[in-house]
S.K.: 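Supplied in structure tokens, the structure appears directly below.
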Amino acid sequence: MNDAGTHTRRVFSGVQPSGNLHLGNYLGAVKRFVEMQEEDFDTLYCMVDLHAITVWQDPEELTNATRELAAAFMACGLDPKKSILFNQSQVPTHAELGWIFNCVGRVGWLNRMTQFKDKAGKNAEKMSVGLYSYPTLMAADILVYHATHVPVGEDQKQHLELTRDIAMKFNNDFKCPGFFPETEPIIEGAATRVMSLRDGSKKMSKSDPSDLSRINLIDSAEDIAKKIRKAKTDPEPLPESADGLAERPEAKNLVGIYSALSGQSVDAVLGEWGGKQFGEFKPALADLSVEMVAPIAVEMNRLLADPAEIDRILGDGANRAAEIAEPILAETYKHVGLLRSR
Ligand code: AQP
């Protein structure tokens with residue numbers, strides 16, 4: 001808490017280093033991270049590697065993916081001088097508070113989480129315990145900094161509601177009103193739910209087996225253009241207004257991407273493109289996507305040429321993050337009654 005007795009305006013958000021960052025992560029989350037870095041907030045952005053290992057990760061690839069994600073963050077505009085950039089496993093307080101929250105959260109609450117059901121499908125029995133308790137660790141990631149605001153895509157809304165439930169239960173159980181803040185989700189990225197380019201009913205995702213389903217930020221200009229050209233569409237021309245997109249998920253997705261990348265409203269995009277065929281619209285979308293996304297890969301490759309510098313930035317970020325988190329964890333232990341004598 002600050003001198004005024006309120007929580008410092010602090011942003012925390014994380015992305016899993018579980019594969020290439022894609023356009024959905026960028027438009028749903030990272031673009032907003034960059035804007036919030038320039039606003040009146042302390043900002044912490046984390047590569048949540050402990051979340052990534054809730055499903056199998058090849059160890060060498062995980063290390064590389066963590067550096068790639070750090071490079072992607074910086075190439076998108078996150079500045080380690082303005083924001084704290086770090087990977088989760090270097091700050092052990094996340095896991096320590098996560099355990100306490102495993103004891104505060106209820107099994108019934110976790111049973112309602114749709115992301116676990118989506119990821120586990122019919123194989124719930126074979127999933128790791130970590131995947132099931134993912135949301136309690138996510139609550140710890142946020143609350144170990146007393147973060148007040150969390151920018152995320154729409155798919156994370158339910159996890160943030162759980163974070164608030166855990167904060168409130170902790171504050172009630174241990175009679176410490178206001179100790180953990182009621183964190184506010186910021187679901188207002190340029191496009192909060194970008195869908196797969198191959199199936200407009202599925203979200204664009206790192207783990208989709210088809211690389212054609214997503215635009216990776218590391219993709220070359222040629223690949224970006226090819227993926228837009230091959231994106232699934234329907235045979236109708238684009239409608240004149242947003243209502244006409246209601247039953248057309250693929251068209252809605254491509255128009256949404258155009259709108260987010262150009263900064264124009266969906267109605268403005270349809271004002272220009274309504275009545276035209278995808279044969280005309282797709283080349284324009286490909287050009288716009290290449291213009292906006294391809295420079296990110298160029299900068300990422302430049303940063304990745306010096307992995308030692310990336311490691312230095314993450315180490316420095318972890319030290320700065322730990323300075324905020326450790327006193328909050330120490331106070332949490334006191335509330336719970338856990339003895340600390342050293
Ligand atoms: N398709 C999307 N549209 C908008 N926002 C999205 N986000 C993810 N996909 C979309 C947002 O990106 C942030 C980081 O996500 P994450 O990597 O931590 O986890 P995720 O949501 O599980 O992402 P993926 O791509 O779907 O990864 P896999 O396939 O590994 O599960 C979050 O703020 C998320 O909302």
Side-chain angles (χ1 to χ4, degrees), residues 11-36 43-58 61-62 65-66 68-70 72-73 76 78 87-88 94 113-121 127-128 130-131 134-135 137-139 141-142 147 149-163 183-211 213-218 227 231 249-250 252-254 256-257 259-261 293:
V11 168
F12 174 91
S13 198
V15 176
Q16 297 183 66
S18 53
N20 288 318
L21 209 70
H22 54 70
L23 193 63
N25 300 132
Y26 177 65
L27 295 175
V30 180
K31 196 162 181 282
R32 191 75 187 96
F33 297 177
V34 177
E35 289 162 5
M36 293 187 96
T43 45
L44 294 106
Y45 297 118
C46 186
M47 285 116 254
V48 286
D49 46 11
L50 296 177
H51 285 287
I53 61 167
T54 56
V55 296
W56 170 251
Q57 303 293 333
D58 174 83
E61 278 173 27
L62 177 63
T66 306
E68 274 169 27
L69 181 53
F73 272 5
C76 289
L78 291 178
N87 60 309
Q88 187 186 22
H94 288 240
M113 296 295 112
T114 55
Q115 182 165 297
F116 177 77
K117 290 181 195 161
D118 291 346
K119 289 200 171 180
M127 293 293 130
S128 70
L131 187 69
Y134 184 117
L137 180 58
M138 178 166 160
D141 298 335
I142 295 164
H149 296 77
V150 180
V152 279
E154 215 175 75
D155 58 329
Q156 294 299 326
K157 191 165 176 242
Q158 197 186 31
H159 288 163
L160 285 174
E161 283 161 8
L162 188 103
T163 299
T183 305
E184 233 183 89
I186 307 289
I187 304 179
E188 53 190 39
T192 54
R193 194 164 174 82
V194 178
M195 308 310 279
S196 156
L197 297 178
R198 306 301 299 164
D199 177 352
S201 67
K202 277 180 20 194
K203 77 164 187 154
M204 187 176 283
S205 162
K206 296 188 207 96
S207 55
D208 192 315
S210 166
D211 194 54
S213 69
R214 63 183 161 262
I215 292 178
N216 303 305
L217 298 188
I218 195 80
K227 288 177 179 180
E250 282 83 18
K252 185 175 177 198
N253 190 36
L254 294 186
I257 292 174
S259 150
L261 287 174
V293 180

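Given the structure is predicted, the values throughout are model-derived calculations rather than measurements. Numbering of ligands and ligand atoms starts at 1, following listing order.
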S.K.: Are any of the side-chain heavy atoms of Ile186 and Arg32 separated by less than 4.5 Å?
M.R.: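 Yes, close enough: below the 4.5 Å cut-off.
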S.K.: Parallel, tilted or perpendicular: which fits the ring planes of Phe73 and Phe33, with parallel below 30° and perpendicular above 60°?
M.R.: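 Ring orientation of Phe73 relative to Phe33: perpendicular.
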S.K.: Identify the two heavy atoms, one from Gln57 and one from Ser18, that lie closest to each other, and give their separation to 0.1 Å.
M.R.: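 Nearest heavy atoms, Gln57 then Ser18: NE2-CB, 3.7 Å.
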S.K.: Return the closest protein heavy atom for atom 27 (O) of ligand 1 as residue, atom name and distance.
M.R.: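 Its nearest protein heavy-atom neighbour is Lys206 NZ, 3.6 Å.
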S.K.: In the protein, what heavy atom is nearest to atom 25 (O) of ligand 1, and what distance, to one decimal place, separates them?
M.R.: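 Heavy-atom neighbour on the protein nearest atom 25 (O) of ligand 1: His22 NE2, 2.7 Å.
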S.K.: Can you report which non-hydrogen protein atom sits closest to atom 3 (N) of ligand 1, along with the distance?
M.R.: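 Ranked first by proximity to atom 3 (N) of ligand 1 is Val194 N, 2.8 Å.
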S.K.: If the cut-off is 4.0 Å to any non-hydrogen atom of Gln156, which atoms of ligand 1 fall inside it?
M.R.: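 In order of number, 21 (O), 35 (O).
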S.K.: For atom 13 (C) of ligand 1, grab the closest protein heavy atom and report residue, atom and distance to one decimal in Å.
M.R.: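 Result: Ala29 CB, 3.8 Å.
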S.K.: Taking the ring centre of each residue, are His149 and Phe12 less than 6.0 Å apart?
M.R.: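 Between His149 and Phe12, the centre distance exceeds or equals 6.0 Å.
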S.K.: So, are Asp208 and Arg214 salt-bridged, with charged N and O less than 4.0 Å apart?
M.R.: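 The answer is no: the pair does not qualify as a salt bridge.
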S.K.: With a 4.0 Å cut-off on N to O distance, would you call Asp211 and Lys227 a salt bridge?
M.R.: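 Lys227 and Asp211: salt-bridged.
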S.K.: Indicate, as side chain, backbone, both or neither, the part of Met195 found under 4.0 angstrom from ligand 1 when only non-hydrogen atoms are considered.
M.R.: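 No part of Met195 is near ligand 1 at this cut-off.
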S.K.: Test your reading of the model: is there a side-chain donor-acceptor pair from Gln88 to the backbone of Leu50, 3.5 Å cut-off?
M.R.: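 Yes: the side chain of Gln88 pairs with the backbone of Leu50.
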S.K.: Among all protein heavy atoms, pick the one closest to atom 12 (O) of ligand 1 and tell me residue, atom and distance.
M.R.: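 Its nearest protein heavy-atom neighbour is Asn25 ND2, 3.1 Å.
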S.K.: Do any nitrogen or oxygen atoms of Ser18 lie less than 3.5 angstrom from nitrogen or oxygen atoms of ligand 1?
M.R.: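 Yes.
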S.K.: Quick one: pull up OG1 in Thr114 and NZ in Lys119 and give me the separation to the nearest 0.5 Å.
M.R.: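 It comes to 11.0 Å.
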S.K.: Starting from atom 19 (O) of ligand 1, what is the nearest protein heavy atom, named by residue and atom, and what distance separates them?
M.R.: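 Among all protein heavy atoms, the one nearest atom 19 (O) of ligand 1 is Gln16 NE2, 3.3 Å.
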S.K.: Flag the pair Lys203 and Asp155 as a salt bridge only when some basic side-chain nitrogen lies within less than 4.0 angstrom of an acidic carboxylate oxygen.
M.R.: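 Looking at Lys203 and Asp155, the cut-off is met.
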S.K.: Please lay out, stage by stage, how Val152 and Ser13 fare under the test side chain to side chain contact (heavy atoms under 4.5 Å, CB included).
M.R.: CA-CA 7 Å; Val152 279; Ser13 198; 4.0 Å; yes
S.K.: Would you call Lys119 a ligand 1 contact, heavy-atom distance under 4.0 Å?
M.R.: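 Yes, Lys119 has heavy atoms under 4.0 Å from ligand 1.
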S.K.: In Å, rounded to the nearest 0.5 Å, how long is the span from CG of Asn87 to NE2 of His94?
M.R.: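 One gets 9.5 Å once the value is rounded to the nearest 0.5 Å.
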S.K.: Quick one: does Asp199's side chain have a donor or acceptor within less than 3.5 Å of a partner on Ser201's backbone?
M.R.: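 Flag set: sc Asp199 to bb Ser201 pair under 3.5 Å.
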S.K.: Return a yes/no value for Ala191: is any of its N or O atoms, backbone included, closer than 3.5 angstrom to an N or O of ligand 1?
M.R.: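 No.
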S.K.: For ligand 1, is there an N or O atom under 3.5 Å from any N or O atom of Met204?
M.R.: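 Yes: some nitrogen or oxygen of Met204 is under 3.5 Å from one in ligand 1.
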S.K.: Which residue and atom name correspond to the protein heavy atom nearest atom 33 (O) of ligand 1, and how close is it?
M.R.: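 The closest one turns out to be Gly153 N, 3.2 Å.
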S.K.: So do the side chains of Ile257 and Ile215 get within less than 4.5 Å of each other, counting heavy atoms only?
M.R.: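 No, too far: nothing below the 4.5 Å cut-off.
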S.K.: Check each heavy atom of Ser207 against ligand 1 and say whether those closer than 4.0 Å belong to the side chain, the backbone, both or neither.
M.R.: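 Both backbone and side chain.
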S.K.: Using a 4.0 Å heavy-atom threshold (strictly under), name the region of Thr192 that reaches ligand 1: side chain, backbone, both or neither.
M.R.: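 Under 4.0 Å from ligand 1, Thr192 contributes backbone atoms alone.
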S.K.: Heavy atom under 4.0 Å from ligand 1: found in His51's side chain, backbone, both, or neither?
M.R.: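 For His51, no heavy atom sits under 4.0 Å from ligand 1.
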S.K.: Atoms of ligand 1 less than 4.0 Å from Val152 heavy atoms?
M.R.: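 Atoms satisfying the 4.0 Å criterion: 33 (O).
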S.K.: What atoms in ligand 1 come closer than 4.0 Å to a heavy atom of Gly28?
M.R.: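 Taking each heavy atom of Gly28 in turn, ligand 1 has 4 (C), 5 (N) under 4.0 Å.
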S.K.: Which of the numbered atoms in ligand 1 are under 4.0 angstrom from any heavy atom belonging to Asp155?
M.R.: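 Contacts of ligand 1 toward Asp155, numbered from 1: 21 (O), 34 (C), 35 (O).
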S.K.: Short N/O distance, under 3.5 Å, between Val48 and ligand 1?
M.R.: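 No - when backbone and side-chain N and O of Val48 are compared with those of ligand 1, no distance drops under 3.5 Å.
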S.K.: Using a strict cut-off of 4.0 Å, indicate which atoms of ligand 1 neighbour a heavy atom of Val15.
M.R.: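 Taking each heavy atom of Val15 in turn, ligand 1 has 14 (C), 17 (O), 18 (O) under 4.0 Å.
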S.K.: What is the nearest protein non-hydrogen atom to atom 26 (O) of ligand 1, stated with its residue, atom name and distance?
M.R.: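 The closest one turns out to be Lys203 NZ, 2.9 Å.
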